[in-house]
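Computed from a prediction, not measured in an experiment: that's the story for all the values here.
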Protein chains: 2
Amino acid sequence: MSRPTKHSPERGSARIRLLEAARDVIRSNGFAATSVDDLCRAADVTKGAFFHHFGSKEALGVAVAEFWTETNTGFFEAAPYHDPADPLARVLAYVAFRRAIITGGIAEFTCLVGTMAQEVYASSPDIRDACGRSIFGHAATLEADIEAARRDHGVSGGWTAESLARHTQAVIQGAFVLAKAGNDADLARESLDHLSRYIRHLFHVTEEDDA
Amino acid sequence: MSRPTKHSPERGSARIRLLEAARDVIRSNGFAATSVDDLCRAADVTKGAFFHHFGSKEALGVAVAEFWTETNTGFFEAAPYHDPADPLARVLAYVAFRRAIITGGIAEFTCLVGTMAQEVYASSPDIRDACGRSIFGHAATLEADIEAARRDHGVSGGWTAESLARHTQAVIQGAFVLAKAGNDADLARESLDHLSRYIRHLFHVTEEDDA
DNA sequence: GATAATACATACCGTACGGTCGGTATATGT
DNA sequence: ACATATACCGACCGTACGGTATGTATTATC
């Protein structure tokens, strides 16, 4: 009779398991309300493993924000909204894509780094900055298409591509706040519809699909 | 020589002092990261007083959301954006007003109930609902002007006054998230400029002041 | 002036928190 | 074969947490 196998996860996986658990648990309960023990339990990992991989709870916060950045970068790079040949179509497809991935429970589609930044911006500059890099880094990936669309359509006004890119993120973050406050995902979709309409107005696109 | 006056606050003021302290401290540190002792210290009140007025920390959370609703209702009712005779002008003046009151530190202009809702939406439905009532109640105060402007200008499209009113709040909340993440109030102003431009586009107002 | 309710104050309780520490099992390089 | 580093375990520590129990000063009511 061999040693009881005790259902232990693979050696070497503790760090990633902790980051995934942190992403999920913090997204629904917040950073401060999530204890290190909570995370260890969710990741099926001991406290020794936690503090072997992360120097403190705050360090885990920074690491999970960076983990979010990495996984999201891949996810959005692979998304189909890059397919259209026309830059403006790509920008509108991005907004449509953001709207389309609002599915399932609120904790499944809302933004980890937006939540964490809002919560710890004053008490933990390190986490806040990691969250900021995530949000503004993602915004920056939209700038080229917006700028190209702007040139293509000869549009000008009191705004820049950089500013509009950031604004899309503000609307998305605000949409999540309202969805949480009203406990209704439709509230988020509603704001993304307004954002799409705004961009179409900026580029003088007819409202044929507004019905 | 009379009894040493020991610098004690007025009797009967503990409840309001706690609510004001909670508003300020929670706004910068978050709900979960703020302890009952923190609040008592900030309000110069003992723990006995705290639990005399509030049955639990969560009950304080609900009460401070309602306190926020009450004080903000008065503040916005007295604000000058109601002055213009034209409904659309009032709507645009509202957005301009929200932009103008972005002053001082981030904790001074951001929204308590948006922050709390985002943080506790899953773990404390009571607080979440109190925050939701605050946000959506405030949004509702904009509906009449939006609807009147809509009729005046004969504008129609795939949106309702109710939906646009909520969207203004989403943009404002998202603007706060970005301001926190980037530690820069200008990020919030930027999104309010986009919101103003969106509304002007919806009502076909010329962009004379965009320059 | 007695009674009762309100508004605090203070000491205390059990627990859960972030973090530490000594140890062991496994892989890796020589 | 041995040394070394990495990955993990689990008991433990001091403290800070939310909440309670009991007592007292002030106010309102009759």
Chemist: Could you check whether B:Ser35 gets within reach of a base, just the sugar-phosphate, or nothing at all, counting any heavy atom under 4.0 Å?
Modeler: sugar-phosphate
Chemist: By nearest atom, which of the nucleotides C:dA9, D:dG19, D:dC9 is closest to the B:Ala49 side chain?
Modeler: C:dA9
Chemist: Is it the case that the ring center of B:Tyr94 lies less than 6.0 angstrom away from the ring center of B:His82?
Modeler: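 No.
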Chemist: May I have the distance from A:Arg15 (atom CZ) to D:dC9 (atom C1'), rounded to whole angstrom?
Modeler: 19 Å
Chemist: Is the B:His53 to B:Phe67 ring centre distance short of 6.0 Å?
Modeler: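 No.
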Chemist: Between the base of D:dG18 and the side chain of B:Lys47, is there any donor-acceptor pair under 3.5 Å?
Modeler: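 Flag set: donor-acceptor pair detected.
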Chemist: Please state whether the rings of A:Phe97 and A:Phe76 are parallel, tilted or perpendicular, taking 30° and 60° as the class boundaries.
Modeler: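 Judged by the thresholds at 30° and 60°, the geometry between A:Phe97 and A:Phe76 is perpendicular.
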Chemist: Is the B:Tyr198-B:Phe203 ring centre distance short of 6.0 angstrom?
Modeler: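 Between B:Tyr198 and B:Phe203, the centre distance exceeds or equals 6.0 Å.
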Chemist: Could you tell me how far apart B:Leu60 (CG) and D:dG18 (P) are, to the nearest whole angstrom?
Modeler: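 The answer, rounded to whole Å, is 10 Å.
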Chemist: Which heavy-atom pair separates A:Phe31 from A:Gly61 by the least distance, and what is that distance?
Modeler: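 Taking every non-hydrogen atom into account, CE1-CA, 3.8 Å.
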Chemist: By the salt bridge (charged side-chain N to carboxylate O under 4.0 Å, His left out) test, which pairs, at least two apart or in different chains, include something from residues 90-111 of chain B?
Modeler: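 Every salt bridge (charged side-chain N to carboxylate O under 4.0 Å, His left out) pair that includes a residue of residues 90-111 of chain B, provided the two are not neighbours, is B:Arg90-B:Asp145, B:Arg99-B:Asp193.
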Chemist: Please report, rounded to the nearest Å, how far the P atom of D:dC17 is from the NZ atom of B:Lys57.
Modeler: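 Atom NZ in B:Lys57 sits about 9 Å away from atom P in D:dC17.
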Chemist: Kindly compute the distance separating CG (B:Leu195) from NE2 (A:His194), expressed to the nearest 0.5 Å.
Modeler: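 Atom-to-atom, B:Leu195:CG and A:His194:NE2 are 10.0 Å apart.
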Chemist: Could you state the CG-P distance from A:Asp44 to D:dC8, rounded to the nearest angstrom?
Modeler: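 For the pair A:Asp44 CG and D:dC8 P, the rounded distance is 12 Å.
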Chemist: Can you measure A:Asp37 atom CG to D:dC12 atom P for me and round it to whole angstrom units?
Modeler: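 The distance from CG of A:Asp37 to P of D:dC12 comes to 16 Å, rounded to the nearest Å.
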Chemist: Within this structure, what is the CZ-to-P distance between B:Phe54 and C:dA7, rounded to whole angstrom?
Modeler: 12 Å
Chemist: Between N or O atoms, less than 3.5 Å apart, protein on one side and nucleotides 5-7 of chain D on the other: list the pairs.
Modeler:
from, atom 1, to, atom 2, distance (Å)
D:dT6, O2, A:Arg11, NH2, 3.1
D:dA7, OP2, A:His52, NE2, 3.2
D:dA7, O4', A:Arg11, NH2, 2.9

Chemist: Whole Å only: how far is the CD atom of B:Glu10 from the C1' atom of C:dA7?
Modeler: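 Atom CD in B:Glu10 sits about 14 Å away from atom C1' in C:dA7.
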Chemist: The side chain of A:Thr46 is closest to which nucleotide in this list: C:dC8, D:dG19, D:dC8?
Modeler: D:dC8
Chemist: Distance check needed: C:dG19 P versus A:Glu58 CD, whole Å only.
Modeler: 9 Å
